[in-house]
Amino acid sequence: MPANPPRTDDRPKVRLYVEHALEEGQHVDVSQDQSHYLGNVMRLSARDPVALFNGTAGEWRAKIVRLAKRGGILECEAQTAPQSNPPDVWMLFAPIKKTRTDFIVEKAVELGASRIVPVQTEFTNAERIRRDRLQAHAIEAAEQSGGTFVPEVADLIPLSRLLSDWPEERSLWWANEALSGQTTCDPAPAPAAILIGPEGGFSPVERTRLSALPFVRHLALGPRILRADTAAVSALTLWQSLHGDWR
């Protein structure tokens, strides 16, 4: 489970994501792992406060009713923050080394991506991913960053299929390493998506297809070629500063 950042208000310092309805007086069951985290890692006990969120109902202050080896029960008391959803921007990326893929997912959540899509390209190093593990990383990132929304991490999808089924009302911003050194363009507002390629870049066939699609726009990310994980952070930061909820 994640470490929780320091808080300056009187809201609970420990936050948990739960798949449960949240309302005043609602009893919420927590899993064996969550019970262990609360009791043995954070050293909490009955009546101590915990912040809960389920991705749709904002954040709620709850108190611990019981913690046991096989699980626990918490009781909702009051809402402490309204639901806050990110702008409609997707992060699409080709998986790279395990720890750096984890980094991309974590930072995509922190920076406000609404959906995270791993993409299989011709030069992608990883042929398979553990979607459940990446989704768990997304949950942990939301817990740690104070968010009330957890983006879906989709299954790995081939780039060709992704482009064939693309919703044309959504602009696709391709972080094109060939534009290194050129003036960056202004990404379009939501609905939008950002596509980050693998460490080896896109193949000539993929580049030709991307260039020909009407919904694809080219995105330059400054004068230097960036690593894939750095490019993901830079592109989302650029989009949020221009069209997102940072302004």
Determine whether Leu226 and Ser234 satisfy the following criterion, side-chain contact (heavy atoms from CB on, under 4.5 Å), listing intermediate values before the conclusion. CA-CA 9 Å; Leu226 305 179; Ser234 300; 3.7 Å; yes
Rounded to the nearest 0.5 angstrom, the CD1-CZ distance for Ile196 and Phe93 is 10.5 Å
Closest non-hydrogen contact found for Ala113 with Leu236 is CB-CD1, 4.3 Å
Excluding Leu159, membership of its hydrophobic cluster (Ile, Leu, Val, Met, Phe, Trp, Tyr; side-chain heavy atoms within less than 4.5 Å) reads Trp90, Leu92, Val117, Val119, Ile157, Leu162, Leu163, Trp166, Leu172, Trp174, Leu195, Phe202, Leu210, Leu213, Phe215, Val216
Nearest heavy-atom contact between Pro118 and Ala154 is CD-O, 3.2 Å
Requested in this report: Let me see the working for Leu134 and Ile129 under side-chain contact (heavy atoms from CB on, under 4.5 Å), right down to the final yes or no.
Outcome: CA-CA 8 Å; Leu134 293 180; Ile129 62 167; 3.8 Å; yes
Leu221 versus Ile225: any side-chain heavy-atom pair under 4.5 Å?
-> no
*asked:* Quick one, Leu44 with Val50, criterion side-chain contact (heavy atoms from CB on, under 4.5 Å). Give me CA distance, side-chain angles, the key distance, then yes/no.
replied: CA-CA 9 Å; Leu44 301 181; Val50 178; 4.0 Å; yes
Is there side-chain contact between Ile73 and Val30, with at least one heavy-atom pair below 4.5 Å? no
Strictly distance-based, threshold 3.5 Å: is any side-chain N or O of Thr124 a donor or acceptor partner for the main-chain N or O of Ala94? no
Rounded to the nearest 0.5 angstrom, the CG-CD distance for Asn85 and Gln83 is 4.5 Å
Side chain to side chain donor-acceptor pair (under 3.5 Å) filter on Glu106, not counting sequence neighbours, yields none
Applying salt bridge (charged side-chain N to carboxylate O under 4.0 Å, His left out) to Glu110 and not counting sequence neighbours gives Lys107
Side chains of Val65 and Leu74, heavy atoms from C-beta outward: is any pair under 4.5 Å? no
Measure the shortest side-chain to side-chain distance between Phe123 and Ser203 over non-hydrogen atoms and say whether it is less than 4.5 angstrom. yes
Checking Thr101, Ile104, Thr99 against Asp229 for side-chain contact (heavy atoms from CB on, under 4.5 Å), the one that qualifies is Ile104
When rounded to the nearest 0.5 Å, the distance separating NZ of Lys97 from CZ of Arg227 is 8.0 Å
Salt bridge (Lys or Arg N to Asp or Glu O under 4.0 Å) pairs touching residues 41-51, sequence neighbours excluded, are none
Show your reasoning for whether side chain to side chain donor-acceptor pair (under 3.5 Å) applies to Ser31 and Asp33.
CA-CA 5 Å; Ser31 68; Asp33 288 343; 5.3 Å; no
* Asked: Mind checking whether Val89 and Trp246 sit in one hydrophobic cluster, side chains of I, L, V, M, F, W, Y counted as touching below 4.5 Å?
  -> yes
- Query: Is there side-chain contact between Arg61 and Pro49, with at least one heavy-atom pair below 4.5 Å?
  - Reply: yes
For Asp132, the salt bridge (charged side-chain N to carboxylate O under 4.0 Å, His left out) test, sequence neighbours excluded, returns Arg130
Quick note, salt bridge (Lys or Arg N to Asp or Glu O under 4.0 Å) partners involving residues 146-160, not counting sequence neighbours, are Arg115-Glu152, Arg131-Asp155
Applying salt bridge (charged side-chain N to carboxylate O under 4.0 Å, His left out) to Lys63 and not counting sequence neighbours gives none
Next item on the list: Report yes or no: does Gln26 contribute a side-chain atom to a donor-acceptor pair with the main-chain N or O of Glu77 at less than 3.5 Å?
Entry: no
**Message:** Test your reading of the model: is there a side-chain donor-acceptor pair from Ser35 to the backbone of Ala68, 3.5 Å cut-off?
**Reply:** yes
For Tyr17, the ring-ring contact (aromatic ring centres under 6.0 Å, His included) test, sequence neighbours excluded, returns Phe53
Do Val109 and Ile139 make a side-chain contact, defined as non-hydrogen atoms from C-beta onward lying under 4.5 Å apart? no
Exercise for the section: Evaluate the criterion side chain to side chain donor-acceptor pair (under 3.5 Å) for residue pair Glu59 and Thr80; output intermediate values, then yes/no. Expected result: CA-CA 6 Å; Glu59 180 186 276; Thr80 53; 2.7 Å; yes
Legend entry - Contact check, side chains of Pro151 and Ser114, non-hydrogen atoms, under 4.5 Å: no
Sorted by chain and residue number, the salt bridge (charged side-chain N to carboxylate O under 4.0 Å, His left out) partners of Arg66 (sequence neighbours excluded) come out as none
Residue pairs passing the salt bridge (Lys or Arg N to Asp or Glu O under 4.0 Å) test with at least one member in residues 194-212, sequence neighbours excluded, are Arg100-Glu199, Glu177-Arg207
In short, salt bridge (Lys or Arg N to Asp or Glu O under 4.0 Å) pairs touching residues 78-95 with sequence neighbours left out are Asp88-Arg170
Discussion item. Donor-acceptor pair, distance only, cut-off 3.5 Å: does the side chain of Asn54 make one with the backbone of His20?
Written reply: yes
Hits for side chain to side chain donor-acceptor pair (under 3.5 Å) against Arg133, two or more places apart or cross-chain, chain-then-number order -> Asp102, His137
Please check if the side chain of Gln240 supplies one atom and the backbone of Leu111 the other of a donor-acceptor pair under 3.5 Å.
yes
| query | How far apart are the C-alpha atoms of Glu143 and Arg15, what are their side-chain angles, what is the distance that settles it, and do they pass the salt bridge (charged side-chain N to carboxylate O under 4.0 Å, His left out) test? | reply | CA-CA 6 Å; Glu143 288 176 338; Arg15 304 182 77 245; over 6 Å; no
Please check if the side chain of Gln34 supplies one atom and the backbone of Val18 the other of a donor-acceptor pair under 3.5 Å. no
Here the pair of heavy atoms bringing Gly112 nearest to Pro86 is O-CB, 3.2 Å
The reported gap from CE in Met42 to CD1 in Ile64 (rounded to nearest 0.5 angstrom) is 10.0 Å
Given Ser211 and His218, is the side-chain contact (heavy atoms from CB on, under 4.5 Å) satisfied, shown in steps? CA-CA 8 Å; Ser211 296; His218 296 261; 3.8 Å; yes
